[in-house]
Trainee: 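What follows is a structure written as structure tokens; I'll ask about it next.
Heads up: numbering here begins at 1 and tracks the sequence. All ligand and atom numbering here is 1-based and tracks the order in the structure.
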Amino acid sequence: MNLIIRKMTLEDLEAVVAIDQVSFSLPWPARSFQFEVMDNEASRCWVVEADGRVIAMLVGWLIVDELHVATFATHPDFRGQGIGKKLLLHALRIAQEEGVVKSFLEVRAGNQVAQKMYREFGYVEDGIRKEYYKDNAEDAILMSLNDLSRLPGG
Ligand SMILES: CC(C)(COP(=O)(O)OP(=O)(O)OC[C@H]1O[C@@H](n2cnc3c(N)ncnc32)[C@H](O)[C@@H]1OP(=O)(O)O)[C@@H](O)C(=O)NCCC(=O)NCCS
């Protein structure tokens with residue numbers, strides 16, 4: 001597979017929304033992605049393209065010196081092939097070049113796959129938001145990465 005990681009554009013929205021819908025029980029409306037790409041200056045929006053097809057996406061918010069991972073998913077047909085890790089690493093490295101030193105995110109308490117990946121990056125659990133998710137009142141685990149200089153691969 002010929003993988004390219006690049007900035008999300010409006011042309012990607014259909015594919016991005018499709019990935020979001022199959023990945024999350026509370027997907028974002030298309031207009032939210034449009035806002036992130038077009039209007040939100042704090043937003044850093046990335047896609048992974050494989051042989052011309054968008055197969056993963058990540059939206060991060062750059063808040064002072066922190067990158068908040070707002071949404072992030074790989075299309076189910078392409079999971080478990082290292083694509084998510086490459087994308088997260090790319091987003092964190094570019095953010096680091098912009099002066100970011102920390103990252104944080106919320107993840108569903110039951111999402112063991114994502115939590116394992118974040119732990120491999122050095123994120124640690126530092127709190128719980130009780131019943132954060134509206135669809136099933138699931139708790140959110142707050143995770144933070146406090147030293148971007150210790151990313152996998154240096
Ligand atoms: C989380 C997600 C983005 C990972 O994307 P991916 O392309 O599959 O990720 P990778 O193949 O790079 O795997 C990254 C790590 O995830 C974990 N992982 C992936 N598939 C897994 C599985 N089936 N079981 C357990 N852990 C798994 C592992 O820690 C893996 O690292 P390793 O292979 O070195 O052990 C993807 O599973 C996804 O889109 N999930 C649904 C949306 C979601 O949960 N997003 C995160 C919200 S906070």
Side-chain angles (χ1 to χ4, degrees), residues 1-8 12-30 32-37 40 42-63 66-96 100 102-148 150-154:
M1 261 194 316
N2 181 23
L3 292 182
I4 300 168
I5 303 179
R6 59 167 176 77
K7 287 183 181 169
M8 190 186 293
D12 299 320
L13 288 199
E14 197 179 324
V16 166
V17 166
I19 293 169
D20 193 51
Q21 285 179 347
V22 291
S23 299
F24 296 107
S25 49
L26 292 173
W28 289 11
S32 296
F33 285 103
Q34 184 175 334
F35 170 77
E36 299 302 336
V37 171
N40 187 356
S43 231
R44 301 295 181 269
C45 307
W46 300 101
V47 293
V48 180
E49 196 181 293
D51 302 325
R53 175 178 171 187
V54 171
I55 58 165
M57 58 83 179
L58 184 151
V59 175
W61 293 319
L62 209 154
I63 301 165
E66 301 185 346
L67 185 76
H68 183 161
V69 179
T71 191
F72 168 36
T74 298
H75 188 283
D77 294 348
F78 296 89
R79 288 183 192 158
Q81 300 178 40
I83 290 162
K85 275 183 166 175
K86 282 197 181 81
L87 177 54
L88 181 60
L89 191 56
H90 179 86
L92 291 170
R93 287 222 170 109
I94 299 287
Q96 197 180 15
V100 162
K102 291 187 237 171
S103 175
F104 64 102
L105 53 84
E106 289 107 17
V107 55
R108 283 182 187 257
N111 190 347
Q112 299 297 331
V113 167
Q115 286 172 40
K116 178 167 179 275
M117 178 183 57
Y118 294 134
R119 278 195 295 271
E120 284 177 28
F121 272 75
Y123 284 85
V124 293
E125 195 177 316
D126 51 15
I128 291 181
R129 288 196 209 282
K130 294 300 280 180
E131 302 180 4
Y132 180 77
Y133 295 98
K134 302 286 174 251
D135 58 332
N136 63 352
E138 191 170 356
D139 295 344
I141 309 287
L142 302 177
M143 297 186 84
S144 63
L145 175 60
N146 289 307
D147 184 0
L148 260 68
R150 295 172 64 193
L151 288 173

Trainee: Is any N or O atom of Phe72, backbone or side chain, closer than 3.5 Å to an N or O atom of ligand 1?
Mentor: yes
Trainee: What closest approach, in Å, do Met1 and Ala50 show between heavy atoms, and which atom pair accounts for it?
Mentor: SD-CB, 3.7 Å
Trainee: Using heavy-atom distances only, which candidate in Val107, Ile83, Thr74 approaches atom 5 (O) of ligand 1 most closely?
Mentor: Thr74
Trainee: Write out the residue and atom name of the closest protein heavy atom to atom 41 (C) of ligand 1, then the distance separating them to 0.1 Å.
Mentor: Arg79 NH2, 3.6 Å
Trainee: What residue and atom, counting heavy atoms only, is the protein's closest point to atom 28 (C) of ligand 1, and at what distance?
Mentor: Lys116 NZ, 3.6 Å
Trainee: For Tyr118, take its heavy atoms, then give the atoms of ligand 1 lying under 4.0 Å from any of them.
Mentor: 46 (C), 47 (C), 48 (S)
Trainee: Working note: Asp12 + Met57, criterion side chain to side chain contact (heavy atoms under 4.5 Å, CB included); need CA distance, chi angles, decisive distance, verdict.
Mentor: CA-CA 10 Å; Asp12 299 320; Met57 58 83 179; over 6 Å; no
Trainee: Do the ring planes of Trp46 and His90 sit parallel (below 30°), tilted (30 to 60°) or perpendicular (above 60°)?
Mentor: perpendicular
Trainee: For the residue pair Asn146 and Val124, what are the closest heavy atoms and their distance?
Mentor: ND2-CG2, 4.5 Å
Trainee: Among protein heavy atoms, which lies nearest atom 44 (O) of ligand 1, and at what distance?
Mentor: Asn111 ND2, 2.6 Å
Trainee: Polar contacts were defined as any N/O atom of the residue lying under 3.5 Å from an N/O atom of the ligand; does this apply to Ala73 and ligand 1?
Mentor: no
Trainee: Can you find an N or O of Ser23 that's nearer than 3.5 Å to an N or O of ligand 1?
Mentor: no
Trainee: Any donor-acceptor pair under 3.5 Å linking the side chain of Ser103 with the backbone of Leu67?
Mentor: yes
Trainee: Taking 4.0 angstrom as the limit and counting only heavy atoms of Gly80, give me the atoms of ligand 1 inside it, by number and element.
Mentor: 6 (P), 8 (O), 11 (O)
Trainee: Over all heavy atoms of both residues, which pair between Glu106 and Ala140 is shortest? Give the atoms and the distance, please.
Mentor: CB-CB, 4.1 Å
Trainee: Checking contacts here: is it the side chain or the backbone of Val113 that comes within 4.0 Å of ligand 1, counting heavy atoms only? Could be both or neither.
Mentor: both
Trainee: If you have a sec, work out which protein heavy atom is nearest atom 29 (O) of ligand 1 and how many Å separate them, to one decimal?
Mentor: Glu120 OE2, 2.9 Å
Trainee: Backbone or side chain, does any N or O of Glu106 fall under 3.5 Å from an N or O of ligand 1?
Mentor: no
Trainee: Please step through side chain to side chain contact (heavy atoms under 4.5 Å, CB included) for the pair Tyr118 and Leu88, ending with a clear verdict.
Mentor: CA-CA 9 Å; Tyr118 294 134; Leu88 181 60; 3.9 Å; yes
Trainee: Output the list of atoms in ligand 1 that are nearer than 4.0 Å to some heavy atom of Met117, sorted by atom number.
Mentor: 1 (C), 14 (C), 15 (C), 16 (O), 29 (O)
Trainee: Nearest heavy atom to atom 7 (O) of ligand 1: which of Gly82, Ala114, Gly84 does it belong to?
Mentor: Gly84
Trainee: In the protein, which heavy atom is nearest to atom 12 (O) of ligand 1, and how far is it?
Mentor: Lys85 N, 2.9 Å
Trainee: For Thr74, does its backbone N or O pair with a side-chain atom of Arg79 as donor and acceptor, under 3.5 Å?
Mentor: yes
Trainee: Which heavy atom in Ile128 sits nearest to a heavy atom in Asp139, and how many Å separate them?
Mentor: CG2-CB, 3.9 Å
Trainee: If you take all heavy atoms of Phe72 and Gly84, which pair is closest and at what distance?
Mentor: CZ-O, 3.3 Å
Trainee: Do any nitrogen or oxygen atoms of Gln81 come within less than 3.5 Å of a nitrogen or oxygen of ligand 1?
Mentor: yes
Trainee: Is Leu105 in contact with ligand 1, taking contact as a heavy-atom separation below 4.0 Å?
Mentor: no
Trainee: Where do Met8 and Val59 land on the side chain to side chain contact (heavy atoms under 4.5 Å, CB included) test, with the steps shown first?
Mentor: CA-CA 9 Å; Met8 190 186 293; Val59 175; 4.1 Å; yes
